[in-house]
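Structure, as structure tokens:
The first residue of the sequence shown is numbered 1, and numbering continues consecutively from there.
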Amino acid sequence: RLPSGELPLPTRAEMDKHFGVYFTGIGGTGVVTAGRILSAAAEAAGLCVSSMDQTGLAQKGGAVVSHIHFASARDALAAAVIGAAGADLYLSGDIFQAAAAQHLAKVRPGRTFAAIDPEVTPTASMQQSGTSAPDLPALVQAVIEELGEERVVFVDAQRLAERVFSQRVLGNVVLLGA
């Protein structure tokens, strides 16, 4: 049951040049949808937005990435892709993707904040080969070592979404709230 009442409007932070969001997960879990919601909210708040989605084998249960840049002015927007150490915010609906070296390369220790679902969503190759999920504590530790414990929040987003909305696919939208 949701609490009654209204949420206060947050104070809008001032941006220095631009802000980069790197959002990764598994295809079919709502990464692209959540990224578009975030982009639409930023535009509604008067920010300029540049984004790109990499869906690759998403329909086959593969990795999905959304690169999103926000800026106060259009000329402050960077290239569409979040480059190495370019993420100010690192979101992942899947700890397996969050701990992968190619994704962790997008964070900058001391600058990047992260919200990550600590659940492993089985990839198509895991399901087809019968491979068991990787060691969860090791994945969590890899993320913490890269970002620092004080800059990461682990949220059981899919389970929260299922409990509140009866749909796990809204877990990535729950991460936006985190």
Side-chain angles (χ1 to χ4, degrees), residues 2 6-100 102-108 111-119 121 143 147 151-158 160-162 164-165 167-178:
L2 295 175
E6 294 192 24
L7 293 173
L9 289 175
T11 303
R12 182 174 164 184
E14 293 301 318
M15 261 193 278
D16 181 28
K17 296 186 182 180
H18 73 279
F19 187 86
V21 179
Y22 189 80
F23 199 154
T24 186
I26 298 296
T29 62
V31 172
V32 172
T33 300
R36 290 191 178 159
I37 290 169
L38 187 58
S39 294
E43 286 177 338
L47 297 174
C48 298
V49 179
S50 172
S51 66
M52 183 185 85
D53 298 318
Q54 293 178 305
T55 56
L57 295 173
Q59 292 180 332
K60 305 295 183 199
V64 175
V65 177
S66 285
H67 303 256
I68 308 166
H69 291 273
F70 305 121
S72 299
R74 177 92 24 219
D75 62 351
L77 287 173
V81 174
I82 300 290
D88 296 292
L89 178 61
Y90 185 59
L91 300 171
S92 185
D94 177 80
I95 188 67
F96 188 56
Q97 295 301 313
Q102 75 267 24
H103 299 307
L104 280 177
K106 305 298 183 179
V107 306
R108 181 182 295 173
R111 184 180 95 188
T112 306
F113 284 96
I116 297 169
D117 191 324
E119 188 168 313
T121 304
V143 171
L147 286 160
R151 299 187 84 77
V152 181
V153 62
F154 292 98
V155 180
D156 287 327
Q158 289 182 53
L160 275 168
E162 184 173 46
V164 175
F165 304 113
Q167 293 188 20
R168 293 176 70 84
V169 74
L170 294 174
N172 284 316
V173 176
V174 170
L175 280 178
L176 296 180

Chi angles and distances behind the side-chain contact (heavy atoms from CB on, under 4.5 Å) call for His103, Tyr90: CA-CA 9 Å; His103 299 307; Tyr90 185 59; 3.2 Å; yes

Report yes or no: does [X] contribute a side-chain atom to a donor-acceptor pair with the main-chain N or O of [Y] at less than 3.5 Å?
| X | Y | value |
| --- | --- | --- |
| Thr24 | Ser92 | no |
| Asp117 | Gly171 | no |
| Lys106 | Tyr22 | no |
| Arg151 | Thr112 | yes |

Residue pair [X] / [Y]: nearest heavy atoms and the distance that separates them:
| X | Y | value |
| --- | --- | --- |
| Ala71 | His18 | CB-CB, 4.1 Å |
| Phe23 | Leu175 | CE2-CD1, 4.4 Å |
| Val174 | Ala161 | CG2-CB, 4.0 Å |

Student check: side-chain heavy atoms of Glu119 and Asp156 closer than 4.5 Å: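 No. Closest side-chain heavy atoms not under 4.5 Å.
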
Side chains of Val64 and Val32 in contact at under 4.5 Å (non-hydrogen atoms): yes

Stepwise side-chain contact (heavy atoms from CB on, under 4.5 Å) check, Asp53 with Arg36: CA-CA 10 Å; Asp53 298 318; Arg36 290 191 178 159; 3.5 Å; yes

Steps toward side-chain contact (heavy atoms from CB on, under 4.5 Å) verdict (Val21, Leu91): CA-CA 7 Å; Val21 179; Leu91 300 171; 4.1 Å; yes

side-chain contact (heavy atoms from CB on, under 4.5 Å) evaluation trace for Phe165 with Val173: CA-CA 11 Å; Phe165 304 113; Val173 176; over 6 Å; no

Aromatic ring proximity, centroids under 6.0 angstrom, His69 and Phe19: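 No, the ring of Phe19 stays outside the 6.0 Å limit from the ring of His69, centre to centre.
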
